[in-house]
Each structure stands twice: as C-alpha cells, then as structure tokens.
Undergrad: 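Below you will find the structure I want to go over with you.
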2 protein chains.
Amino acid sequence: MGQQPKKTQPVSGTLDGTDLAILAALMEDGRMTNAALAARVGVAESTCAYRVRALRESGAIASINARIDPRALGRPLHAIIKVRLGSHSRELVRNLYDALVDTPGVLTVFHIGGGDDFLVHAAVASPEKLRDLILEHVTVHPVVRQTETQLVFEVREGRGVLGG
Amino acid sequence: MGQQPKKTQPVSGTLDGTDLAILAALMEDGRMTNAALAARVGVAESTCAYRVRALRESGAIASINARIDPRALGRPLHAIIKVRLGSHSRELVRNLYDALVDTPGVLTVFHIGGGDDFLVHAAVASPEKLRDLILEHVTVHPVVRQTETQLVFEVREGRGVLGG
DNA sequence: TTTGAAATAAATGCTAG
DNA sequence: CTAGCATTTATTTCAAA
C-alpha cells in the first residue's frame, strides 16, 4: 500500500482507532495501568506505552489530573459570574484574565465574545464568601463594568470530543 | 470546649496538610507515582498510598482523567450556548439535561438558576457544525424557549479549590 | 510500528511500632 | 496512623521483524 511518510504532526488528525480507544479509556480512568489499557485496546503493552507517550508528546493528551470534589474542601456553593468590561484594551483584559485565574476558589475562566467578556466558574464556602470573592477579586478591577452572578445547581461532564 | 469525637466523615473538613498536599500534587499530575508523591509530601510510601486510597474512597478525589485537546480531535471551535426554558417541570428539565450531556461535542453542562437555565460548553469542528449541534440537539427540544451562543476565545483553569 | 521478554521500577500486603 | 520489608505487579528497554 502506498504509505505516505507520516511526519509527527504537532496536533492533527493522524489519530487511528487505537489512539481514539486509548483516549476514551484514559478519559474515563486516567490512572488505568498500561497493561489494562493494552488489553482493552488490543495491542501489546509496549505498543500501548509507545502510543500513549506519542499522544502525550503531541499534546492530544493535554494532561492527566485528579478532579477534587469541592465539597471535600468546604466549598459546596458554586456560581457562574458573568463579567462585562468597560474597556477592551489588550493589556487590561489580559491583566484581568490573569487575576481571575489566580483567584482562590475559581475553577474555570471562559474568555468569550459577545454579550459578556468572561464567565467565571467559582466554588466557595458560603454566600458571604461569594460576595467577598466578587468584591475583592472581580469588581475591584476598574476595567470591570458589570457582573451578574448565577447560582450553579449542578455541573455535568458531557460526552466530550470523542464519538461524534 | 465541645470535644466532638472526629469520625471519618464521608466528605468534610477532616483533611490535614498532608492530604491537601496530596490533592494539590494530583491536581497537577494525576499520574504521579506513589513513590514520587510520598517524597513530595514527606511521608512513607505506604502511608501515602493509604492516604490516597482514603481520599478516593471518601470522594475527595472524585476521579482522575485525561484531558484531551479538542484540537487533536478536529474540534478547534468552542462555544458557550446559553439555554433558556419555557417550562420548568422537573421531568422536562431532567430529560433536556440528559440529552445535552449526551450530545457529541458537549464538554460541560452547567445547570444554573437565574436568567438562564443551562450553560453548554461545546467544542465543534466548524461554525456549520455548531449550528447543527444547536438545531439538532438543543432547540429541537420543545422545552427550549431561547438560546444564545457566544464564541469562546480561550478557557483557562483557575487556581481551584486549594489554597484559598 | 509493532512485538515479546528481560531488566528495572513501582505498588501492595504484611508485620510491627 | 505510620514505617520497613518481602512479594507481587507494572513499566521500560531493546533487539528483531
């Protein structure tokens, strides 16, 4: 078969079925042993280890991290804080972004285009702590024109980027 | 002082410095070996393994998963879809929630209170795919009254629930 | 790229403090 | 709850196809 000399692309669509199976398995259980992974996807252990390493080096597997239950750390209250800016100079936006990401209790910050500029997902201990977080870490920045906070009832992970 | 016997609560504030250090380390690298983890937090390997197991069983460590770069799967375009409902009957809301979570390309669904009812974070291949996702998996549900879609420029993980 | 098998490294079970 | 050691298990390496 005419095989093209496949260069190792940084990030592209050179993933075969084995790669996708590995990604799916590691999305479910990032600590699955290489032996179990190899058995599940049907290749030798050495091959599996090779593939996983390649996937990590290419960036397809960005990272493997533990998910901590915020309730275990006394932060049962989640909120989404919509942040709207008064100015959009690159430097001010970047500084605010950095500050938001570095705020204790902040889980994720979405920088978005459209009505709002940032969506901040935060977990806090109490309504008072939420108020403090907003006052001390969000509205304290002069570039912030307006915020709107919504209580998060529940967060669920979606099916993700696989199997679509 | 009220000397309450500290039982091992399923999920509560019985985490000491070692536990917190373990959580912090596993948030950074969920595949760190037990040996490396033990060295980092300054306890014996057997102790470290015991702590980690306890943290997993208590639910403090909810799970350990690989994060996949959506670009590697050909989904470079991210959006937040705000979903507003026309009716809020428990069953309809739950069915929609389930459907959203099960939609290919959906990364996270936030069920929130206030102006919007759901926030859907999705990754797709193209603007056309985004339109299709919304038409075929969101507005197709009669309970959905209105949607508003915003482009996501960037997503950054926050400092999280530790160190606050 | 894939593989099996040897060599290295790590996790687990057990004992005890 | 902690630590040390022996056993079991997993990962890495590498020559070969």
Side-chain angles (χ1 to χ4, degrees), chain A residues 1-68 72-74, chain B residues 3-68 72-73 162:
Chain A
M1 337 290 189
Q3 294 243 52
Q4 304 221 350
K6 290 182 185 174
K7 290 187 180 179
T8 304
Q9 299 282 40
V11 161
S12 67
T14 58
L15 303 179
D16 64 11
T18 300
D19 289 319
L20 295 178
I22 288 172
L23 295 181
L26 290 180
M27 279 180 69
E28 280 179 29
D29 178 6
R31 265 199 103 113
M32 178 176 286
T33 68
N34 183 67
L37 192 55
R40 172 160 164 174
V41 310
V43 295
E45 294 181 18
S46 50
T47 303
C48 188
Y50 175 89
R51 293 289 193 117
V52 170
R53 195 165 62 98
L55 288 167
R56 298 199 70 153
E57 287 179 354
S58 77
I61 297 175
S63 65
I64 296 180
N65 342 78
R67 287 177 199 274
I68 309 306
L73 284 101
Chain B
Q3 59 285 25
Q4 306 214 350
K6 289 186 182 175
K7 290 186 178 179
T8 304
Q9 299 283 39
V11 161
S12 67
T14 59
L15 303 179
D16 64 11
T18 300
D19 289 319
L20 295 178
I22 288 172
L23 295 181
L26 290 179
M27 280 180 69
E28 280 179 31
D29 177 5
R31 264 199 103 113
M32 179 175 286
T33 68
N34 183 66
L37 193 54
R40 170 160 165 173
V41 309
V43 294
E45 293 182 21
S46 50
T47 302
C48 187
Y50 175 89
R51 293 289 194 116
V52 170
R53 193 165 64 97
L55 287 168
R56 297 199 71 151
E57 289 180 353
S58 76
I61 297 174
S63 65
I64 296 182
N65 342 77
R67 287 177 199 274
I68 309 306
L73 283 308
L162 295 176

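Lettering of chains follows the sequences in order, A, B, ..., and the numbering in each one begins at 1.
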Undergrad: Which residues pass the side chain to side chain donor-acceptor pair (under 3.5 Å) test with B:Arg56, sequence neighbours left out?
TA: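 Listed in chain order: nothing, the list is empty.
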
Undergrad: Could you go through residues 41-48 of chain A and list every donor-acceptor pair under 3.5 Å that involves a side-chain atom there, pairing it with any protein atom two or more places apart or in another chain?
TA:
none

Undergrad: Apply side-chain contact (heavy atoms from CB on, under 4.5 Å) to B:Ala39 and list each qualifying residue two or more places apart in sequence or on a separate chain.
TA: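 With sequence neighbours excluded, B:Ala39 shows a side-chain contact (heavy atoms from CB on, under 4.5 Å) to no residue whatsoever.
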
Undergrad: Between CG of A:Leu23 and CD1 of A:Ile61, what distance do you get to the nearest 0.5 Å?
TA: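 Here the interatomic distance stands at 5.5 Å.
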
Undergrad: Sequence neighbours left out, what pairs pass salt bridge (Lys or Arg N to Asp or Glu O under 4.0 Å) with at least one residue falling in residues 16-36 of chain A?
TA: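 Those involving residues 16-36 of chain A are A:Asp16-A:Arg51, A:Asp19-A:Arg51, A:Glu28-A:Arg40.
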
Undergrad: Sugar-phosphate means primed atoms, P, OP1 and OP2; the rest is base. With that split, encode nucleotides 2-17 of chain C 5' to 3' as B, S or - using protein heavy atoms under 4.0 Å.
TA: SBB-----SS------

Undergrad: Who passes side-chain contact (heavy atoms from CB on, under 4.5 Å) against B:Ala54, sequence neighbours left out?
TA: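 Checked B:Ala54 against side-chain contact (heavy atoms from CB on, under 4.5 Å); zero matches.
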
Undergrad: Restricting to side chain to side chain donor-acceptor pair (under 3.5 Å), what partner residues turn up for A:Asn65, sequence neighbours left out?
TA: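 A:Asn65 satisfies side chain to side chain donor-acceptor pair (under 3.5 Å) with A:Ser63, B:Arg67 only.
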
Undergrad: Axis-to-axis angle across the helix from C:dT1-D:dA17 to C:dG17-D:dC1, five pairs an end, to 10 degrees?
TA: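 It works out to 30° between the end axes.
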
